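By convention in this document, chain letters (A, B, ...) are assigned in the order of the sequence lines, proteins followed by strands, and residues within each chain are numbered from 1. Values in this document were obtained by computation on a predicted structure and should not be read as measured data.
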There are 2 protein chains.
Amino acid sequence: MSRIREINSERILESSCIEFAEKGYSATKIIDIAKKAGLPKPNIYYYFQSKENLYRCVLESIIEPLLEASAPFDQYEDPAIALGEYIRTKIRISKEHPHASKVFASEIMHGAPHLTKDISDKLMSQTKHMTTRIDQWVSDGKMEPIDAQHLLFTIWASTQTYADFDWQIGQVTGKKTLDNHDYQTATELITRLVLKGCGLNLVEIK
Amino acid sequence: MSRIREINSERILESSCIEFAEKGYSATKIIDIAKKAGLPKPNIYYYFQSKENLYRCVLESIIEPLLEASAPFDQYEDPAIALGEYIRTKIRISKEHPHASKVFASEIMHGAPHLTKDISDKLMSQTKHMTTRIDQWVSDGKMEPIDAQHLLFTIWASTQTYADFDWQIGQVTGKKTLDNHDYQTATELITRLVLKGCGLNLVEIK
DNA sequence: GTCTATAAGGTGATAGAC
DNA sequence: GTCTATCACCTTATAGAC
């Protein structure tokens with residue numbers, strides 16, 4: 001791939017990610033993506049063939065981070081550390097990929113019409129793996145009995161909300177964008193609720 | 001208002017609520033709303049003037065339940081009961097108004113472009129009221145110190161997720177729709193996390 | 001590889017008959 | 001009050017010059 005092709009593709013992906021996140025798939029106009037990327041409209045089609053294909057590329061860009069996020073479940077034997085690290089990672093994804101997170105959330109909210117079965121399967125299998133691990137910790141007496149699926153729903157929701165509903169969060173906090181300290185506060189609060197809720201002691205990880 | 005007008009308006013509101021929730025504002029076609037309501041397209045305009053006006057009516061239908069949800073903060077002096085009842089009410093809204101909840105969530109996610117300042121102000125003032133109440137409980141020593149704003153973010157996210165991300169929840173649980181028992185499980189889990197996270201004891205309410 | 005000009009298709013909205 | 005037929009506009013997508 002030529003240098004210029006690489007640069008332009010990257011610019012288009014970034015611009016479209018922001019547009020799709022802010023407006024949603026249908027309300028996003030190719031011309032706006034082109035303007036934001038500083039390129040003429042036909043070039044968008046030259047590089048990505050169609051609006052839907054471009055959208056899918058944006059959507060899939062968040063999948064890898066999401067799949068990697070569950071690594072702590074395998075790395076640590078202690079549920080307090082594993083859950084804490086998982087929450088920390090999920091908050092980091094909301095912070096570092098706010099637009100792609102929002103595109104993913106919007107996709108899910110509307111019934112995942114563009115998500116391929118391949119990706120959907122990978123996410124499901126990851127979820128299954130995490131719930132199995134939690135159930136194991138429970139039967140090993142390492143944490144209090146809890147519904148693993150619903151625990152994950154709460155962790156997902158409370159961490160993703162910092163990307164998905166940033167407008168609301170900005171309104172309430174009075175800040176246009178959250179700083180590192182805010183994300184730290186969020187991470188600590190969610191971790192505290194989850195760990196204490198599972199009968200686990202808070203663990204210090206720098 | 002004539003009887004037929006009342007019936008038709010109601011049918012249109014219900015149909016459009018579902019359509020807007022499933023597709024989002026831009027992807028929703030008036031013709032589909034008309035078909036779902038069993039009426040010809042021009043009648044939608046006859047009753048609601050424009051697509052945007054119809055959307056706003058749907059959007060505002062969820063505001064009243066949301067504003068009423070915070071009543072427990074005023075009704076109860078005990079934070080454990082107030083928070084527990086608030087969570088129970090928020091889950092009930094997700095269960096009883098799943099489509100309107102989703103429309104509201106989608107609106108917020110895209111920066112609330114259609115929300116009037118009037119409504120936005122009411123929601124903000126309600127939020128301010130709730131955080132003040134929590135801060136008071138903390139300084140009264142009734143609960144452990146906690147960031148009230150972020151606590152609300154987690155409660156909102158974890159309760160709304162049952163409406164907003166119902167597709168994902170259906171995938172994971174393997175159920176098309178959740179039954180009363182599932183909502184019960186969700187309510188208890190979220191309540192347990194929040195109360196124990198705030199150093200409060202679980203309270204039994206009938 | 002890049003971009004102007006245009007084709008093709010679809011949607012919100014309404015005029016006007018009933 | 002209701003509905004058929006149509007307008008006006010906008011957006012995706014591409015042909016073809018450079």
Side chain of [X] only, please: which of [options] is the nearest?
{"X": "A:Ile4", "options": "C:dA13, C:dT11, C:dT2", "result": "C:dT2"}
{"X": "A:Asn8", "options": "D:dC3, C:dT4, C:dT2", "result": "C:dT2"}
{"X": "A:Pro42", "options": "D:dA15, D:dT12, C:dT2", "result": "D:dA15"}
{"X": "A:Ser50", "options": "D:dT11, D:dA13, D:dG1", "result": "D:dA13"}

Practice prompt. Report which part of the nucleic acid A:Thr28 touches: base, sugar-phosphate, or nothing (heavy-atom distance under 4.0 Å, all strands).
Written response: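 Counting heavy atoms under 4.0 Å across all strands, the contact made by A:Thr28 is with sugar-phosphate only.
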Worksheet item: Checking all strands, does A:Leu39 fall into the base, sugar-phosphate, or nothing category for heavy-atom contacts under 4.0 angstrom?
Response: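 Result for A:Leu39 = nothing.
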Fill in: Whole-Å distance separating the NZ atom of A:Lys51 from the P atom of C:dA8
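The distance from NZ of A:Lys51 to P of C:dA8 comes to 21 Å, rounded to the nearest Å.
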Worksheet item: D:dC3 P sits how many Å from B:Ile12 CD1, rounded?
Response: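 It is 11 Å, rounded to the nearest whole Å.
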Item to complete: On the 0 to 90° scale, with breaks at 30° and 60°, tag the A:His114-A:Tyr25 ring pair as parallel, tilted or perpendicular.
Response: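 Rings of A:His114 and A:Tyr25: tilted, as their planes differ by 30° to 60°.
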Worksheet item: Mind checking whether A:His150 and B:Tyr162 have parallel, tilted or perpendicular rings, split at 30° and 60°?
Response: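 It falls in the parallel class, under 30°.
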Side-chain N or O of [X] closer than 4.0 Å to phosphate OP1/OP2 of [N]:
{"X": "B:Tyr46", "N": "C:dA13", "value": "no"}
{"X": "B:Tyr45", "N": "C:dT14", "value": "no"}
{"X": "A:Asn43", "N": "C:dC3", "value": "yes"}

Discussion item. Quick check against the 3.5 Å criterion: does B:Lys41 have a side-chain atom that pairs as donor or acceptor with the backbone of B:Ile30?
Written reply: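 Not a single qualifying donor-acceptor pair exists.
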Discussion item. On DNA chain C, does the nearest nucleotide to A:Lys41 precede the nearest nucleotide to A:Tyr47 from the 5' side, or the other way round? Give the residue.
Written reply: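 Looking at DNA chain C, the more 5' nearest nucleotide goes with A:Tyr47.
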